[in-house]
Structure formats: C-alpha cells, structure tokens
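These notes are about the structure you will find just below.
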Amino acid sequence: MIVSHILSGKGSNVLTSGPQATIADVASTLADNKIGALVVVEDDGSVCGIVSERDVVRQIAARGPDALNLPCSVCMTRKVVSCSEEETIDSVMGKMSEGRFRHLPVIRDGRLAGIISIGDVVKNKIEQAERDAEELKRYIAG
Ligand code: AMP
C-alpha cells in the first residue's frame, strides 16, 4: 500500500499558514479544523516549516499568553521531513516513528500534494488487517 492510496480517499487539500501568522491564528485554525498541524509556506508556495499543536503548547508553557501574539515562525520546525506519493505506508510509519512526529507532508515536483497523519496510517493499517482476516476466513472456508 502506498501514500497515493490514502490521498485518493482523503484528498490532497492541505491547510497551510504563512510564517508571519500569529500563534493565536494557528491555534484557531487547528481548533476550527480539528487538525494537529499546519504546513508553513512562503508566498510562492514553497514549504518553510511545519507547526503542530505541540509547538503551540510548548510556546505558551515557556512564555505564557504573550506567546499567542508571536509569529508562528518562532516555534515551527524548519527541517520538514516529507514523503512522496509513491512511498509505502510502512516507510511513512518508519519516518513518523523515527522522527517522533505525527504528520508528513506529501511533496510532488517540489510542491505540496497532500498530508498524511498518524490517524490516516492507523486507519489504513486497520482496514488492511480486516481485509487480510476476511481473505483468510474465505480461504479456510474453502
Ligand atoms: P506532531 O507529532 O506532528 O504534533 O509534531 C511533533 C513535533 O514534530 C513538533 O515540534 C512539530 O513541529 C514536528 N513535526 C511534525 N511533523 C513534522 C515533519 N513532517 N517533519 C519535521 N518535523 C515535524
């Protein structure tokens, strides 16, 4: 199973933010859309970072409520790990596990083509396990 299978089900829409958007803006967008991370892009669409709910929480813990007025660039992760549409789900799981993060932007020809979350990966794995079990049952039943 590869990344494009997941994207064909959930679509390629990715919520993004500019690096100057405040941490308060980011928190609102995350909450309103029930998501855990935003990809940060420059005006030309190039990816310059990723900011997750954990980054927001850490900033508030470190600086208090004043953190909300700071640009999200102060807390985004600049070295973004990404994947391609052809990559296997096992490879994506390996990257998430190794990097200890739960979001992986998908890049095609240098542009954002989707995002995979740990929730998407788990859903895919459960569906695969259910299909395998069904196949095994059919095989045993002859
Ligand atoms: P998450 O588990 O996705 O909420 O993110 C945990 C930490 O990893 C945060 O500091 C994020 O900014 C960072 N992070 C999330 N996704 C990625 C990614 N694909 N590449 C690099 N860092 C990431």
Side-chain angles (χ1 to χ4, degrees), residues 1-140:
M1 197 61 84
I2 59 174
V3 165
S4 60
H5 284 116
I6 291 183
L7 292 186
S8 67
K10 69 176 280 196
S12 58
N13 189 38
V14 186
L15 283 167
T16 60
S17 154
Q20 296 309 321
T22 63
I23 293 176
D25 291 337
V26 168
S28 293
T29 307
L30 294 178
D32 290 349
N33 293 282
K34 299 184 173 64
I35 55 169
L38 291 179
V39 179
V40 186
V41 294
E42 300 284 5
D43 288 344
D44 65 2
S46 59
V47 174
C48 61
I50 187 163
V51 59
S52 95
E53 54 202 356
R54 291 193 184 181
D55 301 317
V56 172
V57 168
R58 281 186 203 126
Q59 281 302 306
I60 293 169
R63 301 178 198 246
D66 288 350
L68 292 169
N69 299 316
L70 296 174
C72 68
S73 55
V74 302
C75 66
M76 68 186 188
T77 301
R78 290 170 190 271
K79 198 164 178 248
V80 181
V81 179
S82 61
C83 66
S84 72
E85 290 162 297
E86 293 76 35
E87 225 162 299
T88 63
I89 305 307
D90 286 345
S91 164
V92 163
M93 279 173 64
K95 284 181 174 176
M96 287 182 175
S97 162
E98 197 180 320
R100 295 181 178 278
F101 46 67
R102 300 166 293 175
H103 300 89
L104 209 55
V106 185
I107 303 290
R108 184 201 310 135
D109 299 330
R111 316 293 294 179
L112 260 181
I115 189 161
I116 301 288
S117 75
I118 190 88
D120 299 324
V121 171
V122 170
K123 182 169 177 277
N124 176 271
K125 282 287 168 189
I126 290 171
E127 286 167 359
Q128 183 67 54
E130 285 170 353
R131 276 196 298 273
D132 290 349
E134 272 311 310
E135 208 171 293
L136 207 54
K137 273 193 226 160
R138 272 200 301 275
Y139 175 76
I140 291 166

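When a ligand or atom number is given, it counts from 1 through the structure's own listing order. Given the structure is predicted, the values throughout are model-derived calculations rather than measurements.
- Looking from atom 22 (N) of ligand 1 to the surrounding protein, the closest heavy atom is Thr77 CG2, 3.5 Å.
- Atom numbering of ligand 1 starts at 1 in the shown order; those under 4.0 Å from a heavy atom of Pro105 are 19 (N).
- Ranking the protein heavy atoms by distance from atom 5 (O) of ligand 1 puts Ser52 OG, 3.4 Å first.
- Below 4.0 Å from some heavy atom of Val80 lie the following atoms of ligand 1, by number and element: 20 (N), 21 (C).
- There is no side-chain donor-acceptor pair under 3.5 Å between Glu42 and Ser46.
- By the 3.5 Å distance cut-off applied to N or O atoms, Arg100 is not counted among the residues near ligand 1.
- Between the side chains of Asp90 and Thr88, no donor-acceptor pair of N or O atoms lies under 3.5 Å.
- A salt bridge links Glu53 and Arg102; the closest N-O separation between the charged side-chain nitrogens and carboxylate oxygens is under 4.0 Å.
- Here is the list of ligand 1 atoms found below 4.0 Å of a heavy atom in Val81: 18 (C), 19 (N), 20 (N), 21 (C).
- The shortest contact between atom 15 (C) of ligand 1 and any protein heavy atom is with Phe101 CB, 3.3 Å.
- Asp120 and Lys123 are not joined by a salt bridge, as no carboxylate oxygen comes within less than 4.0 angstrom of a charged side-chain nitrogen.
- Side-chain contact of Gln128 with Asp132: a donor-acceptor pair under 3.5 Å is present, judged by distance alone.
- Checking Arg54, His103, Arg102, Lys79 against atom 4 (O) of ligand 1, the nearest heavy atom belongs to Arg102.
- Between Ile116 and Val106 the shortest side-chain heavy-atom distance falls below 4.5 Å.
- Here the heavy atom of the protein found nearest to atom 9 (C) of ligand 1 is Asp55 OD1, 3.1 Å.
- Using a 4.5 Å cut-off on side-chain heavy atoms (C-beta onward), Asp25 and Thr22 make contact.
- Distances shorter than 4.0 angstrom occur between a heavy atom of Arg58 and an atom of ligand 1.
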